[in-house]
2 protein chains.
Amino acid sequence: MIQRSSKNATIIEVARRAGVSSATAGRVLGDYGYSSPEVQEKVRAAAAALGYRPNRLAKGLITGKTQTIGVVVGDIESPFYASVLRGIGDVARRGGFGVIVTNSDENAELEREAVQLLLEKQVDGLIVSSTFADQPDHLREAVAARCPVVQFDRIVAGLETDSVVVDNVSVTRSSIAAMIEAGHSRIGILAELGPGQRDDVGSFVANVDLSSADVRYHHPSWQRLLGYLEAHRAAGIEPDLQLIRRVAVYSSEAARKEALDLLTMRNAPSALFTADGVMSTGVLEATSALKLAIPGDVSLLCFDDLDWMQFVAQGITAIAQPAHLIGAAGAELLLKRLAEATLPFEHRVLAARVVERNSIAVHVQLQAGRSEVP
Amino acid sequence: MIQRSSKNATIIEVARRAGVSSATAGRVLGDYGYSSPEVQEKVRAAAAALGYRPNRLAKGLITGKTQTIGVVVGDIESPFYASVLRGIGDVARRGGFGVIVTNSDENAELEREAVQLLLEKQVDGLIVSSTFADQPDHLREAVAARCPVVQFDRIVAGLETDSVVVDNVSVTRSSIAAMIEAGHSRIGILAELGPGQRDDVGSFVANVDLSSADVRYHHPSWQRLLGYLEAHRAAGIEPDLQLIRRVAVYSSEAARKEALDLLTMRNAPSALFTADGVMSTGVLEATSALKLAIPGDVSLLCFDDLDWMQFVAQGITAIAQPAHLIGAAGAELLLKRLAEATLPFEHRVLAARVVERNSIAVHVQLQAGRSEVP
DNA sequence: CTGAAAGCGCTTACAG
DNA sequence: CTGAAAGCGCTTACAG
């Protein structure tokens with residue numbers, strides 16, 4: 001009969017009931033050290049009778065391991081982060097780890113507080129999409145405290161951590177190349193291009209070294225711009241700065257305005273590339289206001305970190321980040337490092353998938369030419 | 001100068017450096033008991049110099065409080081649960097709590113393991129959407145171990161817990177009433193109606209006591225059927241069992257088949273009510289296959305626990321659960337109980353919102369009549 | 001207001 | 001293979 005008392009039985013009580021020392025009871029219950037089969041049976045019986053439940057706090061205090069991963073995301077409500085968390089959670093469960101999740105709201109101070117809390121809770125490792133560009137002191141502290149960190153989506157330079165990102169440059173390059181091949185020569189790009197770069201777009205376009213390793217530290221939307229530029233240069237098309245729209249803030253309202261301006265300009269683009277889901281939403285609002293059909297009047301290719309399914313449902317080609325895999329890969333890297341601290345740091349690059357409706361290839365779906373804007 | 005050593009300083013080292021006892025250092029750092037201003041200053045300086053970071057494991061072990069909430073959801077990737085988690089996370093942060101999140105995949109065994117893990121980690125309380133109908137032993141154990149539980153979305157009967165749910169019956173009743181008022185007399189309903197009821201639909205319809213308090217323990221889709229029934233009875237319409245479709249599984253594929261059958265039956269309904277987002281997806285696939293317009297040929301009202309925005313974007317009226325508020329309310333209830341264990345248990349019922357595009361009212365948007373099915 | 005001592009529930013050397 | 005003792009990093013009575 002399992003005892004359902006209010007306070008949980010301890011190893012000492014189990015030991016007393018089994019007639020052994022607490023060290024021995026600990027060995028069989030904690031599954032370490034040696035113990036004879038007879039003793040094991042007695043202890044387990046006593047534990048079951050008392051409804052013994054191990055206290056992981058005490059174990060963590062003594063072993064220095066809590067079997068807990070701390071995660072910092074921008075906003076758990078965003079489909080991208082939710083999916084990443086799913087991937088993390090699956091791998092963590094298999095490894096017997098718990099996951100503490102915190103939202104940073106992409107806010108520096110909240111991120112710092114979150115990391116602090118997680119370190120105080122003695123997490124074994126941290127998986128973070130950091131909002132910091134220059135001052136990642138809190139992450140340095142974590143590393144210094146021997147708490148391994150895995151970065152994903154965005155990478156802060158100069159930290160000794162593993163990382164997982166999507167190959168933004170190459171997947172954008174090949175997708176834009178397909179648009180060009182389909183007959184588009186004037187392709188607009190709408191991207192946040194917010195943080196992480198001091199340059200204005202013009203000097204970025206003029207000066208960026210496409211072969212530099214620093215590209216990995218650019219924020220995703222800048223990397224996507226890079227892929228856009230590479231595709232144009234490969235095709236011998238000089239990119240028109242008028243077609244490159246920096247929305248600067250992560251807001252569909254701002255994107256809508258920029259898109260309206262882009263679509264009604266003289267010599268308007270025949271196709272649009274949006275660097276993320278919020279930008280896409282802005283474009284859809286703009287085309288709806290202008291009564292333009294998509295696809296048809298305008299071809300749209302959407303790099304989506306939000307809910308790409310809704311775009312695909314509308315016949316729009318979307319580049320879907322493997323968000324679930326990002327999380328799983330991050331957690332795998334972390335668990336690997338927890339198992340063996342001496343591994344060299346790993347920078348894992350995942351390929352995004354191009355997703356289309358009815359399996360129509362990108363270059364088929366895209367059409368050159370569009371009707372006049374009213 | 002902050003020391004960045006690999007192992008963290010303890011209260012004992014801070015005390016030594018400050019020239020006080022560890023008890024005193026603990027008092028000022030832990031913000032409890034008395035200490036003179038001079039001592040406080042010395043201790044704080046020493047702590048800063050050593051880069052002291054409190055170990056919450058040790059504190060938790062001794063106080064019995066970890067400042068951690070455990071949450072069990074079906075799937076963090078679902079927009080409904082993600083939003084609930086956002087609400088929980090916000091309230092938890094304000095209260096200085098961390099949140100450990102686990103996915104049950106609506107699987108009994110995984111849910112049991114998750115709760116077990118959370119209890120071993122000594123969470124202060126649990127917020128759970130349980131998949132269990134009859135055997136919530138794991139939740140009983142939690143309550144017995146003085147770990148307060150808050151249930152949401154679905155409620156298991158017979159547990160001494162707080163709970164937060166949406167008022168499924170009344171919001172469905174009034175929405176269906178609006179459909180009836182708009183001229184629909186044959187309204188189809190597509191609902192999972194899976195777990196939690198032994199009855200078949202016919203005997204449920206015949207026997208259910210609408211005024212019974214047990215209604216709160218029905219699963220959401222059964223409650224929504226109840227609202228559907230109430231609206232019909234209030235309007236003096238005898239519900240046609242042919243129009244009530246039990247999909248039984250939570251699958252859009254199954255919903256699509258059922259919807260196809262419903263829409264092509266003799267005397268087909270002029271309007272459809274779908275009890276959740278997966279059912280809605282199935283209906284949209286079916287109407288698309290039949291080349292029916294929505295709204296127009298068919299009026300659709302969707303009770304959505306998934307991403308209602310995409311339905312609204314298509315001009316469909318949706319009933320949106322206040323998922324964010326569900327989470328916040330759940331966390332608030334929990335924190336309240338943690339502060340004062342003797343409160344009576346609370347069953348909080350939130351009203352869902354009816355969301356429409358362009359503020360068109362439900363009864364305007366719904367139109368009677370539909371074209372023939374090919 | 002401060003300190004010495006005990007203890008939270010475990011695990012870890014170290015003897016036997 | 002088992003037990004007595006020490007200790008993880010804190011907090012809590014209890015004296016002073």
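This structure is a prediction, so every number in the text was calculated from the model and none was measured. Here is the naming used below: chain letters follow the sequence lines, and residue numbers restart at 1 for every chain. Note: hydrogens, waters and symmetry copies are ignored here, and every other heavy atom, side chains too, is used.
The side chain of T24(A) places no N or O atom within less than 4.0 Å of a non-bridging phosphate oxygen (OP1 or OP2) of dT2(D).
T68(A) places a side-chain N or O within 3.5 Å of a backbone atom of T66(A) that can act as its donor or acceptor partner.
Distance K65(A) NZ to dT12(C) C1': 16 Å, rounded to the nearest Å. The separation between Q67(A) atom CD and dT11(C) atom P is 12 Å, rounded to whole Å. At whole-Å resolution of the value, OH in Y34(A) and C1' in dC14(C) are 15 Å apart. As rounded to whole Å, 14 Å separates atom P of dT12(C) from atom CG of L29(A).
Residues passing the salt bridge (Lys or Arg N to Asp or Glu O under 4.0 Å) test with K65(A), sequence neighbours excluded: none. For E332(B), the side chain to side chain donor-acceptor pair (under 3.5 Å) test picks out no residue, with sequence neighbours left out. For N107(A), there are no side chain to side chain donor-acceptor pair (under 3.5 Å) partners two or more places apart in sequence or in a different chain. By the side chain to side chain contact (heavy atoms under 4.5 Å, CB included) test, A142(B) is found to be paired with L119(B), L126(B), C147(B), V149(B), residues two or more places apart in sequence or in another chain being considered. For D105(A), the salt bridge (Lys or Arg N to Asp or Glu O under 4.0 Å) test picks out R86(B), R93(B), with sequence neighbours left out. With sequence neighbours excluded, the residues forming a side chain to side chain donor-acceptor pair (under 3.5 Å) with R53(B) are E141(A), listed by chain and number. Checked against side chain to side chain donor-acceptor pair (under 3.5 Å), Q116(A) has no partners two or more places apart in sequence or in another chain.
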Base-pair map of DNA chain C as dot-bracket, where | denotes pairing with a different strand and pairs are Watson-Crick or G-U under 3.5 Å: |||.||||||||.|||
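Residues S83(A) and H324(A) bring no donor and acceptor atom of their side chains to less than 3.5 Å of each other.
Contact check of residues 35-44 of chain B against DNA chain C (heavy atom, cut-off under 4.0 Å) returns S35(B), S36(B), V39(B).
Applying the salt bridge (Lys or Arg N to Asp or Glu O under 4.0 Å) test to every pair with at least one member in residues 154-163 of chain B, sequence neighbours left out, gives these pairs: E106(B)-R154(B), D162(B)-R337(B). Applying the ring pair (Phe, Tyr, Trp, His ring centres under 6.0 Å) definition to pairs two or more places apart or across chains, none involves residues 99-118 of chain B.
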Reading 5' to 3' through nucleotides 5-10 of chain D, protein heavy-atom contacts under 4.0 Å coded B for base, S for sugar-phosphate only, - for none: --BBBB
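Counting non-hydrogen atoms under 4.0 angstrom, R56(A) reaches nothing in the nucleic acid.
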